Amino acid sequence: MSHTVVLIPGDGIGPEVIQAAVSVVQASQAPITWETHALGLQALHKHGTAVPEETLSAITKHKVALKGPTTTPSGGGHTSANVQLRQQLNLYACIRPVLSLPGVTTRYSNVDLVVVRENMQGLYGGREVEVTKGVNVAMKVVTQQGCQRIAQAAFTYAKQHKRRRVTVGHKANILKTNDGMLLKQTQQTAKQYPDIACDDRLIDALCMQLVQDPTHFDVLLLPNLYGDIVSDLCAGLVGGLGLVPGANLGNDVAVFEAVHGSAPDLAGRNCANPVAAIQSACLLLQHLGYHQHADRIQTAVHCVLKQEQIRTPDLGGNASTTDFTQAVVEAMD
């Protein structure tokens, strides 16, 4: 059985790292057919909107997509294509595994945690109002239903992947009814999973403790904005954004993407690290049930990193994106 996957090249370095992921998936002989659609600046120039209806329809039809990073202007311009995509497709859970990789030397050598980020609510939802000239308000909207389903997603993931603990990060000491709702719903959900421990941290203390020793943590459950920030912090613990994959999950649809941004200053230079995009493709394959293909790719990536001869500039080397990709393909032979 083969699957059609919507392919979204994205902006900046997106097309380069996504092509790398496609090449590696093809080399693994996974039965995937790609259907390319636009999103972000590419779509804005072509269709007049950053999130075309045909792209949304294709993802809804095929249920799964592999996406490159998109560019969002700061302080003006179009609304984030990522935020729109998640809201339109109800992709409420963002799953970001953070794992130390062989051959990548960092302060810590045994990081193995997962960030589960609520994707739809809170300050990151982009709800802003100018109440009067010079006065703007950003609304942090949180619902009981949204808190319940992201807590359920975190514990379901923990159970499926044999994780031992879920830690919820919050600021409920100050935002008592807002962050407090997520804390309360998580604690209630935890009662359904007696074999999985549950605790909580104030978000500022959590960041400090992650920097001190990330091995104390397993699954981190975080509201939208905190999750965006903490997932980047965690990526730094294992070598950077070029190494960490991500999945955006709804009830019926899944979109897989690297954690990093579009890095327009690096676009076209063939120097971007494709590991995060390749690892995201592995998550996609696992989601579709192609575990052997995903394992084959991950083994090849680890093999290349262990050799330490072919490294992209972000890891201290001078290899190109295509050099690294070809090395992974050859490692699968």
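Note that the coordinates shown come from a computational prediction; the quantities given were computed from them, not determined experimentally.
- Under the 4.5 Å side-chain heavy-atom criterion for Ile, Leu, Val, Met, Phe, Trp and Tyr, Val64 and Leu89 are members of distinct hydrophobic clusters.
- With hydrogens and angles left out, the side-chain atoms of Ser28 and Arg296 include no donor and acceptor closer than 3.5 Å.
- At least one donor-acceptor pair under 3.5 Å links the side chain of Ser280 to the backbone N or O of Ala258.
- Counted by atom type alone, Glu330 and Gln326 present one or more donor-acceptor pairs between their side chains at under 3.5 Å.
- In this structure, the side chain of Arg117 engages the main chain of Asn224 through a donor-acceptor pair within 3.5 Å.
- Leu225 and Met208 fall into different hydrophobic clusters, where Ile, Leu, Val, Met, Phe, Trp and Tyr side chains are chained together by heavy-atom contacts under 4.5 Å.
- Salt-bridge check for Asp218 with Arg164: passed, with a basic side-chain N closer than 4.0 Å to an acidic carboxylate O.
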side-chain hydrogen bond (donor to acceptor under 3.5 Å, both in side chains) evaluation trace for Gln152 with Tyr193: CA-CA 10 Å; Gln152 191 69 54; Tyr193 298 85; 2.4 Å; yes
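- Residues Ser23 and Gln19 have side chains that bring a donor and an acceptor to within less than 3.5 angstrom of each other.
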Chi angles and distances behind the side chain to side chain contact (heavy atoms under 4.5 Å, CB included) call for Val5, Leu284: CA-CA 9 Å; Val5 175; Leu284 182 153; 3.7 Å; yes
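- Checking Leu7, Val22, Ile18 one by one against Thr36, the side-chain contact (heavy atoms from CB on, under 4.5 Å) holds for a single residue, Leu7.
- Residue-environment remark: CD (Gln292) stays at or below the threshold of 12 foreign heavy atoms within 6.0 Å.
- Aromatic ring orientation, Tyr290 versus His293: perpendicular (interplanar angle above 60°, classes split at 30° and 60°).
- Salt bridge Asp112/Arg163: present, at least one basic N to carboxylate O contact under 4.0 Å.
- Leu99 places none of its side-chain heavy atoms less than 4.5 Å from the side chain of Gln298.
- Here the side chain of Asn270 pairs a donor or acceptor atom with the backbone of Thr322 at under 3.5 angstrom.
- Just one residue in the list Leu175, Leu182, Asp200 forms a side-chain contact (heavy atoms from CB on, under 4.5 Å) with His170, and that residue is Asp200.
- Exactly one of Asp179, Asp204, Asn178 qualifies for a side-chain hydrogen bond (donor to acceptor under 3.5 Å, both in side chains) with Lys171. That residue is Asp204.
- A salt bridge does not link Lys140 with Glu118: none of the charged nitrogens is closer than 4.0 Å to a carboxylate oxygen.
- Using a cut-off of 4.0 Å between Lys/Arg side-chain N and Asp/Glu carboxylate O, Asp199 and Arg165 are scored as salt-bridged.
- Defined by atom type and a distance below 3.5 Å, a donor-acceptor pair is missing between the side-chain atoms of Tyr92 and Asn248.
- A donor-acceptor pair shorter than 3.5 Å cannot be found between the side chains of Asn82 and Ser80.
- Hydrophobic clustering of Ile, Leu, Val, Met, Phe, Trp and Tyr side chains at less than 4.5 Å, counting indirect connections, keeps Ile8 apart from Phe256.
- In this structure, His287 contributes its side chain and Leu283 its backbone to no donor-acceptor pair below 3.5 Å.
- Gln121 and Thr143 share a donor-acceptor pair across their side chains, judged by distance under 3.5 Å alone.
- For the residue pair His216 / Gln209, no side-chain donor-acceptor distance below 3.5 Å is found, with atom types taken as modelled.
- Judged by distance alone, with hydrogens and angles left aside, the side-chain atoms of Ser100 form a donor-acceptor pair with the main-chain N or O of Val111 at under 3.5 Å.
- Judged by distance alone, the side chain of Asn273 and the main-chain N or O of Leu315 form no donor-acceptor pair under 3.5 Å.
- With respect to the salt-bridge test (charged N to carboxylate O, under 4.0 angstrom), the residues Lys159 and Asp195 do not qualify.
- The backbone N or O of Cys303 sits nowhere less than 3.5 Å from a side-chain atom of Lys306 that would complete a donor-acceptor pair.
- The closest donor-acceptor contact from the side chain of Ser320 to the backbone of Asp323 lies under 3.5 Å.
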